[in-house]
J.: 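Next up is a structure, given as structure tokens.
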Amino acid sequence: MFQKVLIANRGEIALRILRACKELGIQTVAVHSTADANAMHVRLADESVCIGPPAAKDSYLNIPSIMAACEITGADAVHPGYGFLSENARFAKILTEHNVTFIGPSAHHIEIMGDKITAKKTAVELGIPVVPGSAGAVESDEEAIKTAREIGYPVLIKATAGGGGRGMKVALTEADVLIAWSTARSEAKAAFGNDSVYMEKYLGKPRHIEVQVMGDGQGNAVHLGVRDCSLQRRHQKVWEEAGGPTIAPEERDRIGEICAAAMRKLSYSGAGTIEFLYENGEFYFIEMNTRLQVEHPVTERITGIDIVYEQIRVASGEKLSMTQEQVQFYGHAIEVRINAEDPQTFAPSPGTITFYHPAGGVGVRVDSAVYQGYKIPPYYDSLIGKLIVYGRTRDECLHRLRRAVDEFVIDGIKTTLPLFQRLIREPDILAGNYDIHWLEKYLAENKV
Ligand code: ADP
């Protein structure tokens, strides 16, 4: 097992990883930008190193600085969390070359899943069902028209290097396809420095269902069930459920086993999430994330498995601590993402938290790194906390979530808590009757 883990991240996820290390008796090193000197992960770590100025490119994305921090502190492993360098194959390679373990999959697995066209090809080879679409990049006007005709309208044009929902354009008819193709290309070029795009059938009313997998790089892999993350705004998840309102246990096990078998074939190591759109009883692969996800706590809650603990274990060379038969599912869990944002305009709302009272009580978990008096810096993602609630049934979970959201107080800044106070009273949400477009429509129709 590792002696000392450097946590190359900030905010709630840095704290989440730090907690797992403490429970395993591993020393922790926090790294931080000058803007995060007072952050909770810095305060609670055994050691901390300042790695640069506020801008992420100069600190949390600054590989030489992080390597220097490893060297100075003698860390023997790095946990990248999510975002920042978590899916950077080059970073994983450099660490390995310096005899520091990257707590995550191999650079090769990060690479094949990082590029979406390669990921889709790999998925097909592994027997994972995919969205019908172009075989590779769509390179010309003629090819765009021809491919769209073959797939059938509406079609979606997506950036190969995509992420965060950027570089995606829908074409409803042949009249839109060339414009959609060229705008997707220029958006992709601007956002990712790569204008390669591909085409998929655009699904009208799908749900976003994802499978959590864990492998040990020694040929063992399991699935930890599915999460429903259909409530999204601008392709960003807002509310996630495990235990799923739509997916029956047999369906969960069927798609879960397809994914686990694929991971066994790859000899995948660490945590991963295979994302699907789900429509009319069919699953369609869209991408795989080769890292820990923001929404991992809902899976932890219904399985009792500590995913970060497992990540650290397998990275240190141990086998998975469970077999598929030992993975059991209990009840229902929901996570809502508390962002420092105006709940109507979603404009970021950094500033000082003047009063903080997190929800508590039976079945409630709060993953956050903020505290009363904490000043949220304006430089990073606006996620400041996650409220995770459990119930034996989805109904019990919803009642508890309503109680917990009403109880939560964060003053001094604007947060998305009022949005959840409204959502938790919406009949469609209570009935589990929503797809990936529901929230956008709701927000457009219900200006408060
Ligand atoms: P990103 O990496 O940018 O997040 P994804 O491929 O994961 O891109 O897609 C993000 C979201 O875009 C999905 O959760 C879904 O809401 C929507 N989406 C992606 N592909 C399709 C599709 N073929 N049809 C309809 N919606 C899609």
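Everything numeric here is computed off the predicted structure, so don't read it as measured data. Whatever order the structure lists ligands and atoms in, that order sets their numbers, starting from 1.
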J.: Only heavy atoms of Leu156, strictly under 4.0 Å: list the atoms of ligand 1 that pass.
T.: 19 (C), 20 (N), 21 (C), 22 (C), 23 (N), 27 (C)
J.: Does His32 offer a backbone N or O that forms a donor-acceptor pair with the side chain of Asp36 under 3.5 Å?
T.: no
J.: Looking at Tyr278, does the NZ or CZ of Arg207 lie under 6.0 angstrom from its six-membered ring centre and within 45 degrees of the ring axis?
T.: no
J.: How are the rings of Tyr380 and Phe84 set to each other: parallel, tilted or perpendicular (split at 30° and 60°)?
T.: perpendicular
J.: Using heavy atoms and a 4.0 Å limit, tell me yes or no: is Met168 in contact with ligand 1?
T.: yes
J.: Considering heavy atoms of the protein only, find what lies nearest to atom 13 (C) of ligand 1 and give residue, atom and distance to 0.1 Å.
T.: Ile286 CD1, 3.8 Å
J.: Out of all atoms in ligand 1, which are within 4.0 Å of some heavy atom of Lys201? Include the element for each.
T.: 22 (C), 23 (N), 24 (N)
J.: Minimum heavy-atom separation for Cys229 and Glu295, please, with both atom names.
T.: SG-OE2, 3.9 Å
J.: What is the closest protein heavy atom to atom 3 (O) of ligand 1, and at what distance does it sit?
T.: Gly165 N, 2.5 Å
J.: Run through Glu200, Glu287, Glu125 and flag the one making a side chain to side chain donor-acceptor pair (under 3.5 Å) with Lys120.
T.: Glu200
J.: What do you reckon, is CD1 of Ile179 surrounded by more than 12 foreign heavy atoms closer than 6.0 Å?
T.: no
J.: Take every heavy atom of Lys158, measure it against each atom of ligand 1, and state whether any distance is under 4.0 Å.
T.: yes
J.: What residue and heavy atom of the protein are closest to atom 11 (C) of ligand 1, and at what distance?
T.: His235 ND1, 3.4 Å
J.: Is there a donor-acceptor pair closer than 3.5 Å between any side-chain N or O of Ser65 and the backbone N or O of Asn62?
T.: no
J.: Which of the atoms in ligand 1, numbered in the order shown and given with their element, are less than 4.0 Å from a heavy-atom of Glu287?
T.: 1 (P), 2 (O), 4 (O), 5 (P), 7 (O)
J.: Quick one: nearest non-hydrogen protein atom to atom 8 (O) of ligand 1, plus distance?
T.: Lys116 NZ, 2.9 Å
J.: Looking only at protein heavy atoms, identify the closest one to atom 27 (C) of ligand 1 and say how far it is in Å.
T.: Leu277 CD1, 3.5 Å
J.: Can you check which of Val155, Ile157, Leu203 brings a heavy atom nearest to atom 25 (C) of ligand 1?
T.: Leu203
J.: What protein heavy atom sits nearest atom 15 (C) of ligand 1, and how far away is it?
T.: Ile436 CD1, 3.6 Å
J.: Side chain of Asp406, backbone of Arg403: donor and acceptor closer than 3.5 Å?
T.: no
J.: Short list, please: which atoms of ligand 1 are under 4.0 Å from a heavy atom of Glu275?
T.: 7 (O)
J.: Would you mind listing which atoms of ligand 1 come within a distance below 4.0 Å of any non-hydrogen atom of His208?
T.: 14 (O)
J.: Tell me the protein heavy atom at minimum distance from atom 16 (O) of ligand 1, and give that distance in Å.
T.: Gln232 OE1, 3.0 Å
J.: Between Lys169 (side chain only) and Leu156 (backbone N and O only), is there a donor and an acceptor less than 3.5 Å apart?
T.: no
J.: Within 45° of the six-membered ring axis of Phe329 and under 6.0 Å from that ring's centre, is NZ or CZ of Arg252 located there?
T.: yes
